[in-house]
Participant: 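Take a look at the following structure, please.
Here is how names work: the chains are called A, B, and so on, in the same order as the sequence lines, proteins then strands, and each is numbered from 1.
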Amino acid sequence: MLKLHSTLSGELEQVVQDESRPLRMYVCGPNLYAPCHVGHAMSYVLFDVLRRYMEYRDIDVQHVQNFTDIEDNILRKAQEDGVTIDELAEEHIARFYDDMAALNVQRAHEYPRATHEIPKIIELVTRLIEKDYAYEVDGDVYYRVAKRPDYGKLSGQDIEEMLAGARIEPGEQKENPGDFALWKAAKAGEPSWDSPWGPGRPGWHIECSAMSLRYLGEQIDIHGGGQDLIFPHHENEIAQTEAATGVEPFSRIWMHHGLLRLPNSTEKMTRHLGGLIPIDDVIQRWGTDALRTFILFSHYRKPLTFTEEALDSAKSGADRLRTAARAAEDASPAGEAVDAAPYREHFIEAMDDDLNTAIALAALFDLAREINTARDEKRPIADAQAAMLELAGILGLTLEDTEAAMGAAPFIELLIDVRKELRDAKQFEQADNVRNGLEALGIALEDTAEGTAWRQG
RNA sequence: GGCGACGUAGCCAAGUGGUUAAGGCAGGGGUCUGCAAAACCCCCAUCAUGGGUUCGAAUCCCAUCGUCGCCUCCA
């Protein structure tokens with residue numbers, strides 16, 4: 001039984017699928033004003049692993065992730081670049097899909113965009129006004145926080161405390177400093193949509209509520225995102241959605257992960273501050289398996305620091321798994337075959353316990369050792385290797401050589417033949433030149449009793 | 001100031017009351033090899049500090065020091 005920690009209850013909650021429908025998972029996606037960085041990769045890889053594992057455990061998942069394509073940063077960036085917000089969004093959505101493919105992240109079932117959901121947003125705001133949870137002032141619509149006694153339940157904040165510290169920006173006409181905008185009246189030059197309150201645009205939090213309601217219904221099973229979204233974003237989503245539907249809790253489980261920190265710093269990575277690391281840079285240098293291994297080496301609720309050393313270490317580890325999973329079995333194996341069952345059980349036990357990927361990986365490393373030992377002893381390993389690839393696949397690890405290396409395979413084989421002739425002639429110096437030359441290109445040769453194998457090193 | 005986390009070997013990191021504190025990386029010593037590489041074997045921590053609770057604590061409590069996140073637009 002899979003259990004996940006919920007921020008709302010502070011405890012482990014059982015993940016169970018309602019028999020009448022798929023399990024509903026909503027993950028907060030990016031705001032589309034800049035490319036995604038490694039911190040986003042960490043988030044999306046985590047939820048990808050969660051989904052893959054749930055599916056492995058025969059849970060049918062409906063996975064929705066939003067694109068927020070209207071908010072202050074996007075308006076500002078579009079203006080700076082002299083493009084429309086739509087053009088800006090399209091550019092970053094295309095890049096997002098490329099990044100997800102490179103990360104081996106499975107596509108969500110739906111990727112709704114805020115600006116494509118305006119009717120649903122207006123409907124939701126209207127309902128909140130009707131229920132007296134929201135009020136309109138000069139074309140702005142605000143959520144009335146004080147009407148919700150349990151406001152703050154997710155972040156553990158006390159409403160009185162928060163209101164004491166909050167401020168009203170100039171030009172805002174809130175009843176209460178803690179109130180937040182559901183709808184913002186259009187300013188000159190900004191894109192806007194017609195609404196019962198005049199032309200305007202949605203506030204920051206409302207789009208997620210609207211999209212979640214439209215694509216997943218009034219109550220969902222898992223709502224996820226980074227810990228930086230707990231307040232105010234998710235707190236406000238809960239307030240809006242529960243007020244509008246009367247259904248509590250809006251999401252059974254609120255799942256939040258720790259944030260990635262910058263190298264040479266102890267602070268989190270964020271696009272506001274610069275110094276970001278684009279996802280494709282990391283994948284080009286270390287590879288997808290290494291990046292995913294780096295992320296999964298620690299528990300998702302803890303912060304993680306991005307360092308080159310840690311990525312190198314993760315890459316070496318991933319290579320070790322790949323070597324064990326891909327090594328050729330002896331031509332005529334004999335003796336006791338490796339039994340992967342105990343490792344599979346260990347893996348499942350770890351994953352069930354709030355997605356303990358560090359222990360799940362440890363189980364794979366233990367299995368790798370046993371496979372390697374059995375291979376040395378010429379015992380059957382193929383079944384165990386298949387099990388290993390299956391379990392690694394749950395973590396989204398392919399344990400494959402890159403396409404570039406695969407494309408070069410015929411040439412590498414040719415050089416191996418040449419080197420063999422040199423070795424047979426005891427011309428070791430020249431043979432070593434071939435090997436060293438390949439190594440410089442990232443190809444390592446390994447001489448075995450059956451001949452010479454090569455791999456990416 | 002409020003709320004929430006965290007501090008385990010050279011590095012990353014699991015473990016949250018009870019056999020010898022997972023796993024990875026790096027390092028040292030072996031086996032194998034023409035030499036390597038890979039692989040395998042062996043070695044490498046008493047858990048920030050100080051108290052306390054307990055038969056027993058890295059695990060619970062208190063204090064101290066240090067670090068981080070959130071407290072309105074960030075995964």
Side-chain angles (χ1 to χ4, degrees), chain A residues 7 10 27-31 34 36-44 46-47 68 71-74 152 155-158 160-162 164-167 169 177-181 203-205 224-233 235-236 256-261 265-273 293-294 297-299 301-305 307 309-321 323-324 327 346 350 356-366 368-369 371-373 375-377 423 426 428-429 431-432 435-436 439 444-449 452-455 457:
Chain A
T7 308
V27 177
C28 275
N31 289 1
C36 291
H37 58 253
V38 206
H40 295 91
M42 176 183 176
S43 184
Y44 306 143
L46 164 69
F47 289 107
T68 294
E71 48 96 26
D72 289 359
N73 284 315
I74 295 168
S155 54
Q157 302 279 328
D158 180 71
E160 302 293 330
E161 296 275 355
M162 282 189 294
R167 288 183 188 170
E169 296 293 318
D179 293 351
F180 56 91
W204 175 38
H205 317 294
Q227 284 171 348
D228 53 350
L229 295 180
I230 295 172
F231 191 91
H233 188 55
E235 193 72 71
N236 290 352
H256 294 101
H257 61 261
L259 301 174
L260 193 70
R261 295 176 179 175
S265 163
T266 53
E267 294 172 350
K268 72 166 176 173
M269 187 176 291
T270 175
R271 290 185 290 196
H272 304 316
L273 303 176
T293 301
F294 162 70
F297 252 143
S298 74
H299 189 84
R301 282 197 279 132
K302 288 195 173 179
L304 185 60
T305 303
T307 64
E309 195 181 13
L311 265 293
D312 286 344
S313 171
K315 177 168 170 37
S316 297
D319 285 345
R320 178 175 167 76
L321 295 179
T323 302
H346 198 193
N356 195 328
T357 52
I359 289 182
L361 274 170
L364 291 188
F365 281 104
D366 290 340
R369 170 169 287 113
I371 287 173
N372 288 332
T373 300
R375 184 182 55 148
D376 286 352
E377 296 169 355
R423 292 180 69 210
K426 305 282 186 208
F428 294 121
E429 198 171 324
D432 288 350
R435 185 173 64 197
N436 294 340
E439 189 173 359
L445 298 189
E446 295 171 8
D447 297 326
T448 71
T452 299
W454 65 271
R455 63 182 178 83

Participant: Measure the spacing between NE2 of A/His257 and CZ of A/Arg301 and express it to the nearest 0.5 Å.
Facilitator: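 Taking NE2 in A/His257 and CZ in A/Arg301, the distance rounds to 13.0 Å.
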Participant: Taking the P atom in each of B/A58 and B/U46, what is the distance between them to the nearest angstrom?
Facilitator: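 My reading of the P atoms in B/A58 and B/U46 gives 12 Å.
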Participant: Can you tell me, in whole Å, how much space there is between the C1' of B/A38 and that of B/U16?
Facilitator: 38 Å
Participant: Give none if B/U64 has no partner; otherwise give the nucleotide forming a Watson-Crick or G-U wobble pair with it, both distances under 3.5 Å.
Facilitator: B/A48
Participant: Which is more 5' along RNA chain B, the nucleotide nearest A/Ala363 or the one nearest A/Ser43? Just name the residue.
Facilitator: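 Its nearest nucleotide being more 5', the pick is A/Ala363.
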Participant: Please give the distance between the C1' atoms of B/U59 and B/C47 as a whole number of Å.
Facilitator: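 Taking atom C1' in both B/U59 and B/C47, they lie 10 Å apart.
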Participant: Determine, for nucleotides 10-16 of chain B in 5'-to-3' order, which nucleotides have protein heavy atoms under 4.0 Å from the base (write B), from only the sugar-phosphate (write S), or from neither (write -).
Facilitator: -S-SSS-
Participant: Would you please classify the geometry between the A/Phe297 ring and the A/Phe365 ring as parallel, tilted or perpendicular, with 30° and 60° separating the classes?
Facilitator: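 Ring orientation of A/Phe365 relative to A/Phe297: parallel.
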Participant: As a test of reading the structure: which of B/A75, B/C68, B/G24 is closest to the side chain of A/Phe365, going by heavy atoms?
Facilitator: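 Minimum distance to the A/Phe365 side chain belongs to B/G24.
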Participant: Within the structure provided, determine whether A/Trp204 and A/Asn236 are in side-chain contact (heavy-atom separation under 4.5 Å).
Facilitator: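 They are not in contact (no side-chain heavy atoms under 4.5 Å apart), so the answer is no.
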Participant: For A/His256 and B/C74, what is the distance between atoms NE2 and P respectively, to the nearest whole Å?
Facilitator: 15 Å
Participant: Choosing from B/U72, B/A22, B/A75, which nucleotide comes nearest the side chain of A/Pro232?
Facilitator: B/U72
Participant: Rounding to the closest angstrom, what is the interatomic distance between B/C35 and B/C42 at atom C1'?
Facilitator: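 These two C1' atoms come out 24 Å apart once rounded.
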Participant: Applying the Watson-Crick and G-U wobble criteria at under 3.5 Å, what pairs with B/C25? Answer none if nothing qualifies.
Facilitator: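 Base partner found: B/G10.
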Participant: What's the NE2-P distance between A/His257 and B/C74, to the nearest Å?
Facilitator: 14 Å
Participant: If every non-hydrogen atom of A/Ala350 is compared with every non-hydrogen atom of A/Ile359, which pair is closest and at what distance?
Facilitator: CB-CG2, 3.4 Å
Participant: When the distance from CD of A/Gln227 to P of B/C70 is rounded to whole Å, what number comes out?
Facilitator: 10 Å
Participant: When you compare B/A57 with B/G18, how far apart are their P atoms, in angstrom units rounded to a whole number?
Facilitator: 11 Å
Participant: Could you work out the separation of B/C40 and B/A48 based on their P atoms and round it to a whole Å?
Facilitator: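 Those two atoms are separated by 32 Å.
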Participant: Ion pair present between A/Lys315 and A/Asp312, side-chain N to carboxylate O less than 4.0 angstrom?
Facilitator: no
Participant: Using a cut-off of 4.0 Å between protein heavy atoms and nucleotide atoms, how would you tag nucleotides 33-47 of chain B 5' to 3' with B, S and -?
Facilitator: -BBBBSSSS------
Participant: Between B/U8 and B/A14, how far is it from one P atom to the other, in whole Å?
Facilitator: 10 Å
Participant: Rounded to the nearest angstrom, tell me the gap between atom CG in A/Asp228 and atom P in B/C71.
Facilitator: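 In whole Å, B/C71 P and A/Asp228 CG are 9 Å from each other.
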Participant: Could you tell me the separation between the CG atom of A/Leu260 and the P atom of B/C74, rounded to a whole number of Å?
Facilitator: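 Rounded to the whole Å, the gap is 17 Å.
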Participant: Rounded to whole angstrom units, what separation is found between the CD atom of A/Glu235 and the P atom of B/C74?
Facilitator: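 Answer to the nearest Å: 17 Å.
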Participant: For B/C73, does either OP1 or OP2 sit under 4.0 Å from a side-chain N or O belonging to A/Asn31?
Facilitator: no
Participant: State the pairing partner of B/A39; accept Watson-Crick or G-U wobble contacts with both distances under 3.5 Å, and report none otherwise.
Facilitator: B/U31
Participant: Is any side-chain heavy atom of A/Leu361 closer than 4.5 Å to one of A/Leu321?
Facilitator: yes
Participant: Is the backbone of A/Gly152 close enough, under 3.5 Å, to the side chain of A/Glu235 for a donor and an acceptor to pair up by distance?
Facilitator: yes
Participant: Is B/C70 paired to anything, Watson-Crick or G-U wobble with both distances less than 3.5 Å, and if yes, which nucleotide?
Facilitator: B/G2
Participant: Report yes if the side chains of A/Asp447 and A/Arg435 come closer than 4.5 Å at any heavy-atom pair, otherwise no.
Facilitator: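 Result yes, sub-4.5 Å side-chain heavy-atom pair found.
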Participant: In whole angstrom, give me the gap between the C1' atoms of B/C60 and B/G2.
Facilitator: 26 Å
Participant: What is the distance, to the nearest angstrom, from the CZ atom on A/Phe231 to the C1' atom on B/C74?
Facilitator: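 Going from CZ in A/Phe231 over to C1' in B/C74 covers 14 Å.
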Participant: Is A/Gly29 touching bases, backbone alone, or none of the nucleic acid, heavy atoms closer than 4.0 Å?
Facilitator: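 Answer is sugar-phosphate: A/Gly29 comes under 4.0 Å of backbone atoms only.
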Participant: Partner lookup for B/U59, please. Criteria are Watson-Crick or G-U wobble with both distances under 3.5 angstrom; report none if nothing qualifies.
Facilitator: none
Participant: Could you tell me if the side chain of A/His37 sits less than 4.5 Å from the side chain of A/Leu260, heavy atoms only?
Facilitator: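 The answer is no; the side chains never approach within 4.5 Å.
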Participant: May I have the distance from A/Asp312 (atom CG) to B/A26 (atom C1'), rounded to whole angstrom?
Facilitator: 11 Å
Participant: A/Met42 and A/Lys302: which non-hydrogen atoms are nearest, and at how many Å?
Facilitator: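 For A/Met42 versus A/Lys302, the nearest heavy atoms are CE-O, 4.2 Å.
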